[in-house]
Amino acid sequence: DTGVSQDPRHKITKRGQNVTFRCDPISEHNRLYWYRQTLGQGPEFLTYFQNEAQLEKSRLLSDRFSAERPKGSFSTLEIQRTEQGDSAMYLCASSSSEGQREQYFGPGTRLTVT
Amino acid sequence: AQSVAQPEDQVNVAEGNPLTVKCTYSVSGNPYLFWYVQYPNRGLQFLLKYITGDNLVKGSYGFEAEFNKSQTSFHLKKPSALVSDSALYFCAVRDDRGTYKYIFGTGTRLKVLA
């Protein structure tokens, strides 16, 4: 069990640029979540995958955001035409669907939009 | 709608003293409650969870939490605080619909003073 990994850990971009983040969940976990955390706040849910199917998207996820999980393995979160308000920590979590399993979180990708 | 509240932004405690970090919840069905800890520039680490059963839940690093249904609370406790416990603590409730996403509180910063 190598844990959830995310890449990159930090990203600085200029307003208007596109960025893409990657999440590699724990290998046997079929549930994958993306959350966004801004300073002084708790993480807020963005989207959820079960295997390769994206089953829920938060209203926080504007049409500039898109997420994929091809083949039910790693996931990517892309933000197009970034805005300064997109600056946040983007957290990925995964869990097993067995029983009442908790979510395991990656280290996060900190995005700064200048 | 599910929600949690963490009424204290910061809790200060002397090393060796007992600590309590408060959390109250609001759910429409059975509560599934979690505590996570976050160290600087790190993801969230799972501490413990309440699903059903005993009201006193034991978790990692000597932490425990007391579930109180009548007061709708799930306070995090530790009998003897360590300086290394200083971190940001989040309470979360699991959404009881299909995605099982988490709804987090705003977090409580714990500072343990030597």
Side-chain angles (χ1 to χ4, degrees), chain A residues 1 3-10 21 23-26 29-51 53-61 89-112, chain B residues 1-10 21 23-25 29-53 57 59-60 63 65 67 74 76 87-109:
Chain A
D1 180 354
V4 179
S5 61
Q6 293 186 247
D7 184 70
R9 294 290 305 276
H10 303 275
F21 310 142
C23 169
D24 287 89
I26 293 171
H29 285 179
N30 59 352
R31 294 173 175 262
L32 187 146
Y33 303 81
W34 285 97
Y35 293 86
R36 181 171 69 186
Q37 185 181 17
T38 54
L39 203 60
Q41 298 297 319
E44 294 175 291
F45 170 77
L46 291 179
T47 191
Y48 163 70
F49 289 86
Q50 181 157 335
N51 300 311
Q54 188 175 20
L55 297 184
E56 184 173 341
K57 293 194 293 186
S58 162
R59 58 182 169 78
L60 293 176
L61 216 64
M89 174 79 89
Y90 290 84
L91 295 166
C92 176
S94 69
S95 74
S96 163
S97 58
E98 294 178 8
Q100 310 292 352
R101 297 297 184 186
E102 58 274 11
Q103 293 178 24
Y104 291 86
F105 283 79
T109 294
R110 182 167 294 285
L111 173 65
T112 302
Chain B
Q2 324 273 76
S3 66
V4 293
Q6 295 182 244
E8 303 155 318
D9 290 336
Q10 181 159 319
V21 182
C23 172
T24 58
Y25 66 89
N30 292 323
Y32 297 95
L33 299 160
F34 303 81
W35 276 102
Y36 283 80
V37 60
Q38 188 175 37
Y39 294 96
N41 298 315
R42 302 275 295 275
L44 279 70
Q45 294 179 33
F46 170 74
L47 283 178
L48 49 79
K49 64 185 176 186
Y50 174 83
I51 303 297
T52 186
V57 179
S60 306
F63 284 93
F67 172 72
F74 187 57
L76 182 70
L88 193 54
Y89 290 81
F90 289 98
C91 180
V93 63
R94 194 190 77 177
D95 186 63
D96 60 2
R97 294 170 298 168
T99 66
Y100 297 157
K101 64 180 181 280
Y102 288 177
I103 296 99
F104 284 90
T106 51
T108 298
R109 186 165 300 282

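Chain A is the first sequence line, chain B the second, and so forth, proteins listed ahead of strands; every chain is numbered from 1. Computed from a predicted structure; not experimentally measured.
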Worksheet item: B:Y102 and ring-ring contact (aromatic ring centres under 6.0 Å, His included): which partner among B:W35, B:F34, B:F46?
Response: B:F34
Item to complete: Name the member of A:Q41, A:Q6, A:R110, A:E44 that forms the most heavy-atom pairs with chain B at distances under 4.5 Å.
Response: A:Q41
Worksheet, complete the sentence: Counting heavy-atom pairs under 4.5 angstrom with chain B, the leader among A:S95, A:P107, A:P43, A:G42 is A:P43
Worksheet item: With a 4.5 Å limit on heavy-atom distance, are the side chains of B:K49 and B:Y32 in contact?
Response: no
Worksheet item: Of the listed residues (B:L88, B:L44, B:I103), which shares the most heavy-atom pairs with chain A below a 4.5 Å separation?
Response: B:L44
Fill in: Contacting moiety of A:Q37, where chain B heavy atoms sit under 4.5 Å
side chain
Discussion item. Between A:Y35 and chain B, with a heavy-atom cut-off of 4.5 Å, which part of the residue counts as in contact: side chain, backbone, both or neither?
Written reply: side chain
Worksheet item: Checking B:K101 against chain A: side chain, backbone, both or neither under 4.5 Å from a heavy atom?
Response: both
Discussion item. Less than 4.5 Å to any heavy atom of chain A: does that hold for the side chain of B:Q38, its backbone, both, or neither?
Written reply: side chain
Worksheet item: So, A:T109 side chain and A:P8 main chain: donor-acceptor pair closer than 3.5 Å or not?
Response: yes
Discussion item. We want to know whether B:T108 and B:Q6 form a side-chain donor-acceptor pair, criterion being a heavy-atom distance below 3.5 angstrom.
Written reply: yes
Discussion item. Could you report the tightest heavy-atom contact between A:V4 and A:C92, atom names first, then the distance?
Written reply: CG1-O, 4.0 Å
Fill in: Sub-6.0 Å ring centroid separation between B:Y25 and B:Y50
no
